[in-house]
2 protein chains.
Amino acid sequence: MNTVERQVGQRLTERGIRFTRARRRVVGALGRGDGPRSAAELHGDLGGAVPLSSLYRSLAVLEDAGVLSPHHGTRGLTRYELAEWLTGHHHHLTCVECGAVDDVHLSPAGERALEKVVDGITEAAGFGPTAHTLDIEGVCVRCR
Amino acid sequence: MNTVERQVGQRLTERGIRFTRARRRVVGALGRGDGPRSAAELHGDLGGAVPLSSLYRSLAVLEDAGVLSPHHGTRGLTRYELAEWLTGHHHHLTCVECGAVDDVHLSPAGERALEKVVDGITEAAGFGPTAHTLDIEGVCVRCR
DNA sequence: TTCCTTGCAAACGATTTGCATTGGA
DNA sequence: TCCAATGCAAATCGTTTGCAAGGAA
């Protein structure tokens, strides 16, 4: 069992939530990490081993436990990825052409500058404290 | 007729697209609004005057004409707002509690700082030139 | 007339849920 | 054991589409 799975297992146990086979499979597939995946994509990744309805339930439980974060993209599709406490803080580049989402890790200097800007915005608007998540839209390398 | 409607009318005419009653109503409602609206919300805003199917068709035509920009939010809902050439460049604060989206206009200094950060990210990732749109998640005033 | 647009209803795809069964701590 | 999790099928929700009727150029 790799580190991520152990961390997830501990988190779930702390909360009295079982780390069942289906849930392990979901976390495993996301940990193998080809980026955010939708329920349908995971269904395929797992060779149909987990039926869609169970997949959706697993995703809901894991999201609720703070293990996964949802990402709402084009065409009403929701993709999930491991939460930041498992993968590190990062941002998203969403391709407006193909809908692909790339994870981006920012330099400490860039992150500091960004935080200043975000704080300025949220304070002015009376928004509560939150870990910011930044989605930038553009055209990815593959679609240019 | 206000400025926005005149601008939209001109744009549509240039492209040989009719500015019909339903389309006028959609643009009007979005112009009156303070943020992105979903088809269902617009349906309500307009008192059911435009049936949902026609609404969706109007939204598609207007998006295609570059008058509206789609915004993919929580729970597979797509919200639309007037494009930036009509409203000015701005950013989004999405409430993770209630899903509401507020528009935010940033100070020139803030915008400059932000652009630098965004450019740094996109260049490093080989992302093509695009007007960035920033979505920041948080908890809005109403939900705190 | 000749297209384009509309409205209704049916179709669709993604997600959710009811219920009987299975499984894990 | 005993409640939570599963799997199937049916239901739901947002959205799209076929088709016949209405409207503008």
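Please read all numbers here as calculations on a predicted model, not as lab measurements. Below, chain A is the first sequence line, B the second, and so on; all start at residue 1.
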Nearest whole Å is fine: how far is C:dT6 C1' from B:Leu62 CG?
15 Å
Closest to the side chain of A:Ser58, out of D:dT6, C:dT16, C:dG7, is D:dT6
What is the distance, to the nearest angstrom, from the CZ atom on B:Phe19 to the P atom on C:dT6?
12 Å
Is there side-chain contact between B:His72 and B:Thr78, with heavy atoms separated by less than 4.5 Å?
yes
Roughly, in whole Å, what's the span from CD in A:Gln10 to P in C:dA25?
16 Å
Can you check whether B:Phe127 reaches A:Asp102 side chain to side chain, under 4.5 Å on heavy atoms?
yes
Side chain of A:Arg57 (C-beta onward), nearest among C:dT5, C:dT16, C:dG18:
C:dG18
If you pin B:Ala39 and B:Arg21 to their nearest nucleotides in DNA chain D, which one's is more 5'?
B:Ala39
Measure from the side-chain heavy atoms of B:Ile17 and tell me the nearest of C:dT5, C:dG7, C:dA14.
C:dT5
I need the CZ-P distance between B:Arg23 and C:dG7, as an integer number of Å.
11 Å
Heavy atoms under 4.0 Å, any strand shown: does B:Ala40 hit a base, just sugar-phosphate, or nothing?
nothing
Roughly, in whole Å, what's the span from CG in A:Leu12 to P in C:dA25?
11 Å
Select one nucleotide: of C:dT15, D:dT6, D:dG7, the one nearest the side-chain heavy atoms of A:Thr78.
C:dT15
If you draw a 6.0 Å radius around CZ in B:Arg15, do more than 12 non-hydrogen atoms from other residues or ligands fall strictly inside?
yes
Nearest-Å distance, CG (A:Leu77) to P (D:dT16)?
13 Å
Between A:Tyr56 and C:dT16, does any side-chain N or O lie under 4.0 Å from OP1 or OP2?
no
When the distance from CZ of B:Arg24 to C1' of D:dA24 is rounded to whole Å, what number comes out?
13 Å
Of B:Arg18 and B:Ser53, whose nearest nucleotide on DNA chain C comes first from the 5' end?
B:Arg18
Please report the distance, rounded to the nearest Å, between CG in B:Leu52 and C1' in D:dT16.
12 Å
Which nucleotide in the list D:dA5, C:dT16, C:dT5 gets nearest to the side chain of A:Thr20?
D:dA5
Quickly, which of A:Arg37, A:His71, A:His92 forms a side chain to side chain donor-acceptor pair (under 3.5 Å) with A:Glu81? Name it, please.
A:His92
Using the side chain to side chain contact (heavy atoms under 4.5 Å, CB included) rule, take B:Val67 and B:Arg23 through it: C-alpha gap first, then chi angles, then the decisive distance, then the call.
CA-CA 11 Å; B:Val67 170; B:Arg23 294 170 192 169; over 6 Å; no
